[in-house]
Amino acid sequence: MTDNNTGRITELALIGFNHKSSTVAEREAFQPNRKELPELLKTVFSFEEIDGILILSTCNRLEFYMDIQKGFEPLEILKRAFVHKNLNFNKYAHIFYFYNDIDAAKHLFRVISGLDSLVPGEYQIQGQVKEAYSIACEAKTLNKMLHKLFHAAFRTGKKVRTNTSIGEGSRSVSGV
């Protein structure tokens with residue numbers, strides 16, 4: 001994808017970890033609190049390689065959805081974003097997953113539909129994604145591509161819950 005403002009080639013990139021790839025202790029080492037998120041977004045958005053960013057931070061996952069300069073390594077972004085925590089990334093390398101372009105979008109759609117949750121069909125994730133989107137909007141770190149992607153994800157999540165039985169019954173971690 002070519003960015004209209006800069007003329008450079010970018011791609012959708014996702015780097016993150018979740019309850020499947022990490023332990024609670026590993027997740028806690030990185031987890032920003034709600035008050036830190038706007039500043040973390042602005043910090044990452046200021047990196048030359050980033051044209052847009054949204055951070056999804058829940059108790060079971062931390063995911064960075066980025067419109068990033070093509071060919072740039074997303075793990076480098078995390079290393080720079082968390083430099084103040086003095087984390088040994090070699091120790092944590094095994095917990096991260098990476099997706100690009102269509103695979104990143106598919107992952108987001110699985111997440112918002114509750115298919116990639118600790119409890120399949122869990123409904124709280126949809127609100128958490130919407131909150132992450134609102135925080136990124138307030139921080140002004142989203143570009144046109146990310147706006148369109150997340151609006152498509154919201155429609156997909158609603159459609160999945162409306163047209164399937166995935167959301168029936170007790171579908172939250174606390175409810176189970």
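All values reported here derive from a predicted model rather than from experimental measurement.
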>> According to side-chain contact (heavy atoms from CB on, under 4.5 Å), who are the partners of K159, at least two apart in sequence or on a separate chain?
In response: N163
Name the atoms and distances for all side-chain donor-acceptor pairs under 3.5 Å in residues 130-137, with sequence neighbours left out.
| unit_1 | atom_1 | unit_2 | atom_2 | d |
| --- | --- | --- | --- | --- |
| E131 | OE2 | R34 | NE | 2.9 |
| Y133 | OH | H147 | ND1 | 2.7 |
| Y133 | OH | H151 | NE2 | 2.8 |
| S134 | OG | K130 | O | 3.2 |

>> I'd like to know if the side chain of R61 and the backbone of D116 have a donor-acceptor N/O pair within less than 3.5 Å.
In response: yes
>> So, applying side chain to side chain contact (heavy atoms under 4.5 Å, CB included) with I50, which one of T10, V44, T141 is it?
In response: V44
> Would you find a donor on one side and an acceptor on the other, under 3.5 Å apart, between the side chain of N18 and the backbone of S21?
Replying inline: yes
>> Could you measure the distance from the CG atom of L62 to the CG atom of L78? Nearest 0.5 Å is fine.
In response: 7.0 Å
>> In the structure I gave you, are the side-chain heavy atoms of Y97 and K20 within less than 4.5 Å of one another anywhere?
In response: no
Considering only distance and modelled atom types, tabulate donor-acceptor pairs under 3.5 Å from the side chains of residues 99-106, sequence neighbours left out.
| unit_1 | atom_1 | unit_2 | atom_2 | d |
| --- | --- | --- | --- | --- |
| N100 | ND2 | E11 | OE1 | 3.0 |
| N100 | ND2 | E11 | OE2 | 3.3 |
| D101 | OD1 | L12 | N | 3.1 |

> Below 4.0 angstrom, N of the basic side chain to O of the carboxylate: do E39 and K42 qualify?
Replying inline: no
> Does any pair with a residue in residues 27-70 pass ring-ring contact (aromatic ring centres under 6.0 Å, His included), and if so which ones, sequence neighbours excluded?
Replying inline: F17-F30, F30-F82, F30-F89, F30-Y92, F30-F96, Y65-F150
> How long is the gap from CD1 on I53 to CG on L40, to the nearest 0.5 Å?
Replying inline: 7.0 Å
> Looking at CD of E63 and CG of L54, how far apart are the two atoms once the value is rounded to the nearest 0.5 Å?
Replying inline: 10.0 Å
> Backbone N or O of L115 within a donor-acceptor pair of the S113 side chain at under 3.5 Å?
Replying inline: no
>> Between N143 and D67, is there a side-chain donor-acceptor contact under 3.5 Å, judged purely by atom types and distance?
In response: yes
> Mind checking what makes ring-ring contact (aromatic ring centres under 6.0 Å, His included) contact with F72, not counting sequence neighbours?
Replying inline: none
>> Any side-chain to backbone donor/acceptor pair from Q31 onto T58? Under 3.5 Å, distance only.
In response: yes
> Does H84 have any side chain to side chain donor-acceptor pair (under 3.5 Å) partners at least two apart in sequence or in another chain, and if so, which?
Replying inline: none
